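First the structure, in the form of structure tokens, and then the observations on it.
Predicted model only: the values in this text are computed from it and were never measured. Residue numbers begin at 1 in each chain, while the letters A, B, ... track the order of the sequences.
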Protein chains: 2
Amino acid sequence: MTEPDALEPRELHAWIGFLAAAHLLEHEIERQLKRDGDLSHPEFEVLVKLAMAEDRRLRMSDLARQVMVSKSRLTYQVTQLERDGLVRRTACGNDRRAVWAELTDAGADALTKVRPGHRKVVRENLIDVLTPAELETLGTAFARVAARLHNRPARPAASD
Amino acid sequence: MTEPDALEPRELHAWIGFLAAAHLLEHEIERQLKRDGDLSHPEFEVLVKLAMAEDRRLRMSDLARQVMVSKSRLTYQVTQLERDGLVRRTACGNDRRAVWAELTDAGADALTKVRPGHRKVVRENLIDVLTPAELETLGTAFARVAARLHNRPARPAASD
DNA sequence: GAGAAGTAGTTCAAATCTGAACGACCGACG
DNA sequence: CGTCGGTCGTTCAGATTTGAACTACTTCTC
């Protein structure tokens with residue numbers, strides 16, 4: 001009498017585990033970032049992407065794409081970060097519509113301050129809890145999952 | 001010149017993949033639930049937990065724990081669901097502090113309506129993208145990760 | 001059984017997030 | 001040139017979330 005399309009135990013187990021892990025990990029990360037540097041996770045991700053970028057700056061659109069956040073949300077985040085002096089907005093020469101979001105020295109410092117703790121959280125609660133084989137599997141599997149979702153953000157459905 | 005505690009490529013790959021998959025999957029689920037039944041993901045999870053519970057009801061605290069959501073957030077969610085007639089609040093006999101959140105028939109119907117689509121999203125974007133072996137690995141690995149985080153929500157650090 | 005300590009749920013203000021609408025600009029094409 | 005479709009980033013109102021009180025009740029302790 002169970003519904004026909006319900007997930008099977010194996011599948012359900014994996015799905016539940018994924019949800020729980022994502023929830024709890026997110027919570028733990030949020031806690032650490034707040035504690036060590038008074039940053040939210042989205043703010044942290046913004047700083048990380050900027051730190052990795054050429055000249056420590058990115059256009060708002062590109063930044064939004066990389067952090068996987070809506071435009072309006074990024075506008076808000078960057079405004080907050082700018083208020084705290086961690087990021088600076090700059091006009092973008094060629095394209096007068098665009099805006100650079102640029103990491104300031106203070107921003108780089110903030111990153112330096114929280115990053116060790118962040119890595120510790122990721123290590124202790126994910127990386128080190130997995131065997132190397134599991135880690136490998138997880139990497140390839142999720143790359144595939146992400147790729148699929150990335151190419152299919154919204155589409156009328158095409159049989160492939 | 002890379003920092004000493006940075007994640008290694010393998011580790012980073014797994015971590016990035018996890019983050020991306022979580023982000024994108026969440027986004028896709030949100031979209032489907034909104035489209036098919038005008039529900040948010042948290043609302044959906046509340047309904048699911050209630051549907052699974054004995055007598056289709058749970059005390060607010062237990063519900064909050066199961067959905068992994070703060071008390072105040074649950075209060076808000078349940079208020080919304082109650083406004084839409086999907087959930088009903090009832091006094092809890094023995095313990096006069098407690099409140100039952102109970103799934104209504106309308107709530108059960110709403111669940112019936114969105115669930116197939118929800119399962120489709122989970123299948124198409126996660127389950128079916130993985131090999132059975134990967135699924136298995138993912139299940140055991142995340143169960144371990146979740147268990148660890150669950151037992152260690154905040155603690156002064158004890159060497160184990 | 002009185003009081004201390006803990007638990008259940010809510011409330012409130014402030015912070016954050018969403019999504020549609022907007023103004024400004026770019027690029028192509030006639 | 002002009003102007004049309006698309007992009008860039010912001011704005012705004014409304015929805016949701018957070019976290020610290022707060023009230024009411026229960027349980028433990030002596």
* To do: Calculate the interatomic distance between A:Arg59 atom CZ and C:dC26 atom C1'; express it in whole Å.
  => 11 Å

* Asked: What nucleic acid atoms does A:Asn94 come within less than 4.0 Å of, heavy atoms only: base, sugar-phosphate, or nothing?
  -> sugar-phosphate

* Provide, to the nearest angstrom, the distance between the CG atom belonging to A:Asp95 and the P atom belonging to D:dC8. => 8 Å

* Any side-chain N or O of B:Tyr76 under 4.0 Å from OP1/OP2 of D:dT16? -> yes

* Tell me: CD of B:Glu82 to P of C:dG9, nearest whole Å? -> 13 Å

* Asked: Counting just side-chain N and O atoms, does B:Gln80 come under 4.0 Å of either OP1 or OP2 of D:dT16?
  -> yes

* Spacing between B:Glu45 atom CD and D:dT17 atom C1', to the nearest angstrom -> 15 Å

* To do: Indicate, with yes or no, if A:Leu86 and A:Trp100 share a hydrophobic cluster defined by side-chain heavy-atom contacts under 4.5 Å among Ile, Leu, Val, Met, Phe, Trp and Tyr.
  => no

* To do: Return the value, rounded to whole Å, for the distance between atom CG of A:Asp84 and atom P of C:dA15.
  => 12 Å

* Measure from the side-chain N and O atoms of A:Gln77 to the backbone N and O of A:Pro42, and report whether any donor-acceptor pair falls under 3.5 Å. => no

* Asked: Does some side-chain heavy atom of B:Leu103 sit less than 4.5 Å from a side-chain heavy atom of B:Arg57?
  -> no

* Return the value, rounded to whole Å, for the distance between atom CE of B:Met60 and atom C1' of C:dT11. => 13 Å

* To do: Take A:Val99 and A:Lys34, find for each the nucleotide of DNA chain D with the closest heavy atom, and name the residue whose nucleotide sits nearer the 5' end.
  => A:Val99

* Check: A:Thr75 side chain, D:dG9 base, donor-acceptor under 3.5 Å -> no

* Can you tell which of C:dT18, C:dG9, C:dT11 lies closest to the side chain of B:Arg89? -> C:dG9

* Asked: Do side-chain atoms of B:Glu136 reach the backbone of A:Arg10 as a donor and acceptor pair under 3.5 angstrom?
  -> no

* **Integer-rounded Å distance: D:dA15 C1' and A:Arg73 CZ** => 14 Å

* Indicate, with yes or no, if A:Val69 and A:Tyr76 share a hydrophobic cluster defined by side-chain heavy-atom contacts under 4.5 Å among Ile, Leu, Val, Met, Phe, Trp and Tyr. => no

* **Presence of donor-acceptor pair under 3.5 Å, side chain of A:Arg97 and base of D:dT7** => yes

* **For atom NE2 of B:His23 and atom P of C:dC17, their distance in whole Å** => 10 Å

* Structure fact -> Taking for A:Leu74 and for B:Ser72 the nucleotide of DNA chain D with the nearest heavy atom, the one nearer the 5' end belongs to A:Leu74

* Structure fact -> Judged by nearest nucleotide, the residue sitting upstream toward the 5' end of DNA chain C, A:Lys71 or A:Ser40, is A:Ser40

* To do: Give B:Ser61 one of three labels, base, sugar-phosphate or nothing, depending on what nucleic acid heavy atoms sit under 4.0 Å from its own.
  => sugar-phosphate

